[in-house]
Amino acid sequence: MTSPVLDEIQAALATVNDPEIRRPITELGMVESVEVDDTGRVAVTVLLTVSGCPLKDTITNDVNTAVGKVAGVSAVDLTLGVMTAEQRSGLQETLRGGQAQREIPFARPGSLTKVYAIASGKGGVGKSSVTVNMAVAMANQGLRVGIVDADIYGHSVPAMLGVGDIRPTQVEDMIMPVPVGVSGAGVLSVISIGMLKPRRDQVVAWRGPMLDRALVQMLSDVYWGDIDALFLDLPPGTGDIAISLGQHLPNAEVLVVTTPQEAAAEVAERAGTMASMMHQRVIGVVENMSFLPCPHCGPEHRLEVFGAGGGARVASTLSTRFGYDVRVLAEIPLDLELRSGGDTGRPIVETAPDSPAAIELTRMATALSGRGRGLVGMQLGLSPAGRL
Ligand SMILES: Nc1ncnc2c1ncn2[C@@H]1O[C@H](COP(=O)(O)OP(=O)(O)O)[C@@H](O)[C@H]1O
Ligand SMILES: [Mg+2]
Ligand SMILES: [Zn+2]
């Protein structure tokens, strides 16, 4: 049966995105049937990718709202079903776009996704805090952003974003990244190495080949869709993951996070050098916990709690070593709200966007994304140092 109302209902359904895949449910084969009777009562059956889909309430609301708005519709009866194995394979094929299996989309020549690897010499310097806040800042600017939390020692990124308890949805052997709500126009999703463990409390000694497989899985088995930027929160140090990353994503650009301290600066230099040996370009240094804004005089008076000069020192050492200009991109002050935001899952760029730390993080995100999507890191067959 087709009627003008039915066409309009179809059009309304096409505006509803699956919250994880972020594409219209009509395109994904999720709308099984639509019927409308003489009184304007609509019966819609929507198939979820998996039973117990954590986002079924979102889909329910979105379908009811979209269809309810169509003129002539008096009521909406929504039935939720679950895809069969065959339907899920079909969906997986649609999502892969006919591509060969286990391909890393970001490593394809001509990929427009900017890949930022956040590295540090040691833990506790604020690598994850910088990662989540930059990612949220970019999403708030309207970009589509993904985060891969590859820190085997910490994997704290999901908790910092308030999605620490969520397990990703799996469609056959494809994994949906966990969506994160942001206040701006863009979108953000995250996958963490901690989510790949069969059980949350399991202790896994990630090393060598296993770690490599996990990294490849997070890059190729996860459906990222068409994103503008991908952030990788790397484990601290210069270990196996840097080697894997160099092999799988040579176009990743590295940000080195350090504190002003002498010892931290030294280990950060080693992490930077390692990245370069793996043919990744180090695009800058972030000095975190740079200073404490003086509670009496204001931020012009910087109390140097952790010493001074670490960021500048790493930048100048790496510049000399690589023969290209590595700069300090940001000096992020100590901020209590930044720390508590990490604990409560609400990043400071959302909760206190006018604080000096949030302003500095947002400024850096704007500077990086402002370089133009894809133009900077695109693989042009140049040597890493020649890429700009
Ligand atoms: N600029 C800052 N001001 C205050 N606390 C911070 C700042 N940066 C990080 N922290 C806190 O320091 C701790 C370590 O930060 P985290 O981002 O987890 O570091 P890493 O990922 O390098 O181990 C966290 O409790 C975090 O909230
Ligand atoms: Mg961390
Ligand atoms: Zn002062």
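Computed from a prediction, not measured in an experiment: that's the story for all the values here. Values below: all heavy atoms of this structure, side chains included; hydrogens, waters and symmetry mates excluded. Each ligand, and each atom within it, is numbered from 1 in the order the structure gives.
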Nearest 0.5 Å, what's the OG1-CG distance between Thr113 and Leu230?
-> 7.5 Å
Would you say Gly124 contacts ligand 1, with heavy atoms under 4.0 Å as the rule?
-> yes
Per-atom contacts, ligand 1 versus Asp335 - under 4.0 Å to a heavy atom | 2 (C), 3 (N), 4 (C), 5 (N)
Heavy-atom closest pair (Leu338 atom, Ala357 atom, distance to 0.1 Å) is CD1-CB, 4.1 Å
Of all protein heavy atoms, the one nearest atom 10 (N) of ligand 1 is Met289 CE, 3.7 Å
Quick check: does His301 put an N/O/S atom under 2.8 Å from the Zn ion (ligand 3)?
-> yes
The answer for which part of Asn288 has a heavy atom under 4.0 Å from ligand 1 is side chain
Audit row: Val145, Met134, side-chain contact (heavy atoms from CB on, under 4.5 Å) steps and yes/no = CA-CA 10 Å; Val145 183; Met134 295 240 311; over 6 Å; no
Nearest heavy atom to atom 5 (N) of ligand 1, choosing from Lys122, Arg339, Lys127, His155, belongs to Arg339
N/O/S atom of Ser128 under 2.8 Å from the Mg ion (ligand 2), yes or no?
-> yes
Please confirm whether Ser290 comes under 4.0 Å of ligand 1, counting heavy atoms of the residue only.
-> no
Around atom CZ of Arg23, are there more than 12 heavy atoms of other residues, nucleotides or ligands at under 6.0 Å?
-> yes
Straight-line distance of Tyr324 OH to Leu318 CG, nearest 0.5 Å | 8.0 Å
Is a salt bridge present between Glu93 and Arg96, judged by a nitrogen-to-oxygen distance below 4.0 Å?
-> no
Which of the listed options, Val132, Asp149, Leu338, holds the heavy atom that is closest to atom 7 (C) of ligand 1?
-> Leu338
Nearest heavy atom to atom 1 (N) of ligand 1 wins, so pick from Gly126, Ser156, Pro333, Ala357.
-> Pro333
Using a heavy-atom cut-off of under 4.0 Å, does the side chain or the backbone of Pro236 touch ligand 1, or both, or neither?
-> neither
Is atom CG of Leu303 surrounded by more than 12 heavy atoms (other residues, nucleotides or ligands) closer than 6.0 Å?
-> yes
Using the Zn ion (ligand 3) as the apex, give the angle to atoms SG (Cys294) and SG (Cys297), rounded to 10 degrees.
-> 110°
Heavy atom of Gly123, distance to ligand 1 below 4.0 Å = yes
With a 4.5 Å heavy-atom cut-off, do Asp212 and His248 have their side chains touching?
-> yes
Can you list the atoms of ligand 1 that are under 4.0 Å from a heavy atom of Met160?
-> 17 (O), 18 (O)
For atom 13 (C) of ligand 1, decide whether some protein heavy-atom distance is shorter than 4.0 Å.
-> no
Tell me whether Leu55 is reachable from Ile166 by hopping between hydrophobic residues (I, L, V, M, F, W, Y) whose side-chain heavy atoms are closer than 4.5 Å.
-> no
Which atoms of ligand 1 are found less than 4.0 Å from any heavy atom of Ser129?
-> 9 (C), 15 (O), 16 (P), 17 (O), 26 (C)
Please confirm whether Ser128 comes under 4.0 Å of ligand 1, counting heavy atoms of the residue only.
-> yes
Identified ring pair (Phe, Tyr, Trp, His ring centres under 6.0 Å) counterpart of Phe231 within the set Trp224, Phe106, Tyr116 | Tyr116
Exercise: identify the closest heavy-atom pair between Pro158 and His155 = CD-O, 3.9 Å
